[in-house]
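Values in this document were obtained by computation on a predicted structure and should not be read as measured data.
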Amino acid sequence: MPKMTPSERAAFLAEVHVGVIAVERPDRAPLAVPIWYGYQPGGEVLLWTEAGSVKEKLIRTAGRFSLTAQVEEPPYRYVTAEGPVVGIDTADLETARGIADRYLGEQAGAAFLAENLGPESLIIRMRPEHWLSTDYSKAE
């Protein structure tokens, strides 16, 4: 399969995609759920979630998760990044705004932020260590 180079996969992950995180769960299949995320090449994967959510509890317990982003039409491409959690902190306005604006644009992002950013909001940071990627456009 045609793999992406490290710079190609980082650039792809930095594009706007709805990601799917997967995190281990005792006595059940891993939890896999769609999520908005933030990422800049060479940086950490950022998730915005709420304290006490199933995602937060499982990620905190596992100490790691994976994130997959994909293009759902030909030529298909995907990147999966997996690694340890390096921080779980109260969401700061700048980071939450970056994630909201990334998916909704500045105006709708501000409205989303006003309605959803609260004292229970958390930013989870993951440092990618292991990558999988495929770019079928390279096979043409």
**Request:** Can you tell me which residue pairs pass the side-chain hydrogen bond (donor to acceptor under 3.5 Å, both in side chains) test with a partner in residues 91-100, sequence neighbours excluded?
**Result:** D92-T95
**Message:** Grouping I, L, V, M, F, W and Y whenever their side-chain heavy atoms are under 4.5 Å apart, do I21 and V54 come out in a common cluster?
**Reply:** yes
**Which atom of N116 lies closest to which atom of S121, heavy atoms considered** = O-OG, 3.4 Å
**Request:** Decide whether V33 and V79 are clustered together by the hydrophobic rule: side chain heavy atoms of Ile, Leu, Val, Met, Phe, Trp, Tyr closer than 4.5 Å, transitively.
**Result:** yes
**Item:** Between S133 and E8, a side-chain donor and acceptor under 3.5 Å
**Value:** no
**Message:** side chain to side chain contact (heavy atoms under 4.5 Å, CB included) for I123 and L47? Distances and angles first, verdict last.
**Reply:** CA-CA 5 Å; I123 298 295; L47 307 181; over 6 Å; no
**Message:** Tell me the closest heavy-atom pair linking P41 and A14, and the distance in Å.
**Reply:** CD-CB, 3.7 Å
**Asked** Could you give the distance from CG (D135) to CZ (R77), rounded to the nearest 0.5 Å?
**Response** 6.0 Å
**Asked** Under 4.5 Å between side-chain heavy atoms, hopping through other hydrophobics if needed: is there a path connecting W36 to M126?
**Response** yes
**Prompt:** According to the salt bridge (Lys or Arg N to Asp or Glu O under 4.0 Å) rule, which pairs have a member within residues 53-75, sequence neighbours left out?
**Reply:** E56-R60, R64-E82, R64-E129
**Item:** Separation of L67 CG from H17 NE2 (nearest 0.5 Å)
**Value:** 10.0 Å
**Prompt:** To the nearest 0.5 Å, how far apart are CG in L122 and OG in S53?
**Reply:** 7.5 Å
**Prompt:** How far does CD1 of I99 sit from CG of L46, to the nearest 0.5 angstrom?
**Reply:** 5.5 Å
**Request:** Is it possible for you to say whether Y78 and F65 belong to one hydrophobic cluster, with membership spreading through side-chain heavy-atom contacts below 4.5 Å?
**Result:** no
**Asked** Does the side chain of L93 come within less than 4.5 Å of L113's, by heavy atoms?
**Response** yes
**Item:** Closest contact, heavy atoms only, G109 versus L104
**Value:** N-CB, 3.7 Å
**Item:** Distance in Å, I88 CD1 paired with I59 CD1, rounded so as to fall on 0.5 Å steps
**Value:** 7.0 Å
**Request:** Taking K138 for its side chain and K3 for its backbone only, find out whether a donor-acceptor pair lies under 3.5 Å.
**Result:** yes
**Message:** Is the distance from the ring center of W131 to that of F12 below 6.0 Å?
**Reply:** no
**Request:** Please tell me if the side chains of V18 and I35 come closer than 4.5 Å, counting only heavy atoms from C-beta onward.
**Result:** no
**Prompt:** Which pair of non-hydrogen atoms, one from D101 and one from A110, has the smallest distance, and what is that distance?
**Reply:** OD1-N, 4.0 Å
**Request:** Calculate, to the nearest 0.5 Å, the distance between atoms CZ and CE belonging to R9 and M4 respectively.
**Result:** 10.0 Å
**Prompt:** Within 45 degrees of the axis of the six-membered ring of Y37 and under 6.0 Å from its centre: does R102 put its NZ or CZ there?
**Reply:** yes
**Prompt:** Do the two ring centres, one from Y103 and one from W48, sit under 6.0 Å apart?
**Reply:** no
**Request:** Might you confirm whether atom CD of E15 has over 12 heavy atoms from other residues, nucleotides or ligands at distances under 6.0 Å?
**Result:** yes
**Prompt:** Do the side chain of T61 and the main chain of L58 share a donor and acceptor less than 3.5 angstrom apart?
**Reply:** no
**Minimal non-hydrogen separation, A91 against L117, with atom names** = CB-CD1, 3.7 Å
